[in-house]
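Atoms within a ligand are numbered from 1 in the order they appear, just like the ligands themselves.
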Amino acid sequence: MIMAVVPIVKIPDEILNRKSEKVGKFDDETKKLINNLLDTLQAAKNPEGAGLAAPQVGILKRVCIARKFLPNPNNPNKPLIQDVVLVNPKIISSSKESEPGWEGCLSIPDAYGKVQRSKKVKVKALNEEGEEVRISASGFFARVIQHEIDHLEGILFTSKVMGNTITEKELDKILEKEKNS
Ligand code: ZN
């Protein structure tokens, strides 16, 4: 298989602030974009990403990947990863209940912040085969989906952050403290 890792667009590139277009025909170009997004997300280390949207590789199409972390029975410290492809995703319902949680973004180096998001969302989309799927998401996966769909609207998490963003170093300190308290 040919890996197609493409460069990730970073702020302040204004393409990140633009709205993406719906995918009309699910064709080879769509499949190529999906594969590029999967390969690029899977290649991202330090930091790893929890998702990636087409504008982040410079394409204004409504395609994104939301990463699902599943418990690993063999190693509790290394969750299993499932990359969920969403083409033309649409949130069809979201819980009134929301919660704050930490977010970062591969397009915004070394910035983390707390964002208030719905705890649960239901999404309608096409999968990597072009088939219609409905996904019920909760917890961190629901957060990732909302973050990625925001990218398709040209919205970055930093515009929703409560207070200021902090660096990875500062975040690590806070998470360490939370773990020990
Ligand atoms: Zn992002």
Side-chain angles (χ1 to χ4, degrees), residues 4-23 30 33-70 79 81-91 94 98-121 123 125-128 135 137-172 174-175:
V5 177
V6 295
I8 295 176
V9 174
K10 308 268 163 73
I11 54 162
D13 195 317
E14 61 96 31
I15 201 166
L16 295 169
N17 305 115
R18 284 164 62 190
K19 205 176 146 137
S20 290
E21 274 176 27
K22 237 178 137 174
V23 171
T30 313
L33 172 58
I34 290 169
N35 284 331
N36 286 357
L37 286 170
L38 286 169
D39 289 347
T40 304
L41 176 59
Q42 285 158 11
K45 309 277 172 210
N46 293 318
E48 290 185 7
L52 193 65
Q56 294 180 277
V57 297
I59 311 271
L60 289 168
K61 291 275 181 193
R62 300 186 79 82
V63 180
C64 62
I65 314 290
R67 184 162 267 193
K68 201 172 178 179
F69 297 91
L70 304 160
I81 286 170
Q82 188 189 344
D83 287 333
V84 178
V85 174
L86 302 167
V87 176
N88 295 339
K90 196 172 184 322
I91 293 180
S94 46
S98 63
E99 62 187 351
W102 291 103
E103 292 185 24
C105 182
L106 291 172
S107 292
I108 309 172
D110 206 23
Y112 299 85
K114 268 191 174 170
V115 180
Q116 192 77 21
R117 302 269 191 198
S118 290
K119 278 185 168 179
K120 292 179 185 172
V121 290
V123 188
L126 301 178
N127 68 11
E128 63 276 19
I135 295 166
S138 59
F140 188 66
F141 185 49
R143 173 171 300 281
V144 173
I145 288 176
Q146 291 170 80
H147 176 120
E148 298 312 322
I149 292 177
D150 272 354
H151 272 299
L152 306 181
E153 296 299 321
I155 298 166
L156 298 175
F157 87 94
T158 40
S159 72
K160 295 187 166 178
V161 156
M162 303 151 72
N164 298 317
T165 56
I166 58 171
T167 65
E168 187 179 5
K169 238 182 176 171
E170 292 167 325
L171 176 63
D172 285 346
I174 292 171
L175 294 180

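- Judged purely by atom type and a 3.5 angstrom limit, Ser159 uses its side chain to pair as donor or acceptor with the backbone of Leu156.
- Side-chain N or O atoms of Arg143 include none that pairs as donor or acceptor with a backbone N or O of Glu103 at under 3.5 Å.
- Protein N/O/S atoms closer to the Zn ion (ligand 1) than 2.8 Å number 3 in this structure.
- Within 6.0 Å of NZ on Lys169 lie no more than 12 heavy atoms contributed by other residues, nucleotides or ligands.
- No donor-acceptor pair closer than 3.5 Å links the side chain of Ser118 to the backbone N or O of Val121.
- Rounding to the nearest 0.5 Å places CG of Leu60 at 5.0 Å from CZ of Arg18.
- Put simply, CG on Leu86 and CZ on Arg62 are 11.5 Å apart, with the number rounded to the nearest 0.5 Å.
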